[in-house]
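Hydrogens, waters and symmetry mates are skipped; everything else that's a heavy atom, side chains included, is used. In what follows, chains carry the letters A, B, and so on, assigned in the order in which the sequence lines appear, proteins first and then strands, with residues in each chain numbered from 1.
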2 protein chains.
Amino acid sequence: MVNGIKPISSRSMAERVEISLREYFAQKSFKPGDPLPTELELAAALGVSRNVVREALSRFKMLGIVEAKKKSGMVISNPDIVGTFEKVMTPEIMDEATLQDLFELRLALEMGIADLLYIHKTEKDLDELEEIAAREMKEKDNNFRISNEIAFHSKLYEMTGNNTLKRFQSLLLPIFGYVIKLEKKKVISGKVTHQDLVKILRKGTVEDFKEGMLSHLQPHFDRVRSFKK
Amino acid sequence: MVNGIKPISSRSMAERVEISLREYFAQKSFKPGDPLPTELELAAALGVSRNVVREALSRFKMLGIVEAKKKSGMVISNPDIVGTFEKVMTPEIMDEATLQDLFELRLALEMGIADLLYIHKTEKDLDELEEIAAREMKEKDNNFRISNEIAFHSKLYEMTGNNTLKRFQSLLLPIFGYVIKLEKKKVISGKVTHQDLVKILRKGTVEDFKEGMLSHLQPHFDRVRSFKK
DNA sequence: TTAGTAGTTATGTTCTACATAATAAATGTA
DNA sequence: TACATTTATTATGTAGAACATAACTACTAA
């Protein structure tokens, strides 16, 4: 076994430039709006071709961290967190372990928003939520029921007044569907219905609601428990 | 005003190619390991230069959706969700509204993991958790206390057995610190201490724990309530 | 049979050239 | 002087060619 073995940076130039730039941004403590050096300056400073720099910059542009305008050059800008999440959230190519993890994450969120809900809920919200729950009972068509199920839980997130949370949840929705499909199981509802939840949300305490939501999601928690290693 | 006014795709070629490729991947329902056409083939098919294609592909490489090997070509691979998240999670350049939203998201998660905890907790975990909580009492140094605070909550996430959740939480940690700093407020602890939480986790019910955690986080929830629009 | 060699291929990197849009400078006219 | 128009200037966007490099294939020779 050789001692002075070289680890060798198997990383591509673009990847290394990405890392260097990230460090550079942090070290200079750039804020949105701050101008960046030109591509040629960066290329010269890093000792690589302009092409490689552009490949790295392209990544930052995708994340929304860098914006470029002709002539004026490039500036730092604030990234769209959820938008980026959307770009990697592709259930089809994600490994099953991560899908399960995200499914649990969604369950945790669903349970965890209770307190936020009680802080932000309004009468108007409750009326709308009630209407969604009522619509659901009238329909027999399965596809419609699923989309209504989604509408109900989405409305809950909307009621938290937290837009990031809302968008984040809507990205987790496909995961939900995908895990269910993987299991080849039918969606089983808990004992507590959506209409029950609305009733609690209107007149019950936050503890009541937490209990209710747990019952509502019980089948899913049972599934998680059955997978326990 | 001209009628047939063209909105014009102000998007760059690289951006449009990114979109096209994403559609292409989905339409062909690619799975990890599936080979992609060569860069030149893609360039020809899309009618753009190889350069532009590479800029778009560079983005997918960053996300971990595409991997490239010399000679063998490129293949689809499963992306690292949390790793990608890490790349955009830069509190310094994020807008304040999103920071607040993420702070709340973290609160929701903290409350929401209770049920998962009770499913997965073990004696060994509880012992370790207890030790962390005990260490904390002996120390006066503020920096040390903060890192211990972090250690405690991190351990909780670890106990859920959900690695994605754990990694996700550790990414939200800087947000926590950043929001506190923005407020120029001191970290106020709730009435229920970490040691109390361990005690509950060991002998109490999941409902007890939820109550306890809420009390523990109460100052933060109060802050959220005070910001209510 | 097998070790070694040459050839092939797709990505990685560099360089040059030019298009394009936004800005600044210069110019000319009332 | 003030203002409108035109003319550079500059940095990003796109294209194309060339060569390096690693990995795989197939052939060759001992």
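- Of the residues in residues 59-77 of chain B, those with a non-hydrogen atom less than 4.0 angstrom from any atom of DNA chain C are B/Lys61, B/Ala68, B/Lys69, B/Lys70, B/Lys71, B/Gly73, B/Met74.
- For the segment residues 46-53 of chain B, the set of residues with a heavy atom within less than 4.0 Å of an atom of DNA chain D comprises B/Val48, B/Ser49, B/Arg50, B/Asn51, B/Val52, in numerical order.
- With no hydrogens or angles considered, a side-chain donor-acceptor pair links B/Asp222 and B/Gln218 at under 3.5 Å.
- Centroid-to-centroid, the aromatic rings of B/Phe168 and B/Tyr157 stay 6.0 Å apart or farther.
- For B/Phe25 and B/Phe60, the distance between ring centers is under 6.0 angstrom.
- Atoms OG and CD1, from A/Ser226 and B/Ile119 in turn, are 9.5 Å apart once rounded to the nearest 0.5 Å.
- Put simply, NZ on B/Lys124 and CD on B/Glu128 are 4.5 Å apart, with the number rounded to the nearest 0.5 Å.
- Rounded to the nearest 0.5 Å, atoms CE (A/Met13) and CZ (A/Arg11) are 13.0 Å apart.
- Scanning DNA chain D 5' to 3' for nucleotides with an atom closer than 4.0 angstrom to a non-hydrogen atom of chain B gives a first and last hit of D/dT14 to D/dC24.
- Ring pair B/Tyr24/B/Phe30 is perpendicular by interplanar angle, where above 60° counts as perpendicular and below 30° as parallel.
- Along DNA chain C, read 5' to 3', the first and last nucleotides having any atom under 4.0 Å from a heavy atom of chain A are C/dT13 to C/dT23.
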N/O donor to acceptor pairs below 3.5 angstrom from side-chain atoms of residues 75-94 of chain A, sequence neighbours left out:
from    : atom 1 : to       : atom 2 : distance (Å)
A/Ser77 : OG     : A/Gly64  : O      : 2.7
A/Asp80 : OD1    : A/Val82  : N      : 3.4
A/Asp80 : OD1    : A/Gly83  : N      : 3.2
A/Asp80 : OD1    : A/Arg167 : NH1    : 3.2
A/Asp80 : OD1    : A/Arg167 : NH2    : 3.4
A/Asp80 : OD2    : A/Arg167 : NH2    : 3.1
A/Thr84 : OG1    : A/Asp80  : O      : 3.1
A/Lys87 : NZ     : B/Glu18  : OE2    : 2.9
A/Thr90 : OG1    : A/Val88  : O      : 3.4

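- With sequence neighbours excluded, no residue forms a salt bridge (Lys or Arg N to Asp or Glu O under 4.0 Å) with B/Asp34.
- Between A/His153 and A/His194, the ring-plane angle classifies as perpendicular under the 30° and 60° cut-offs.
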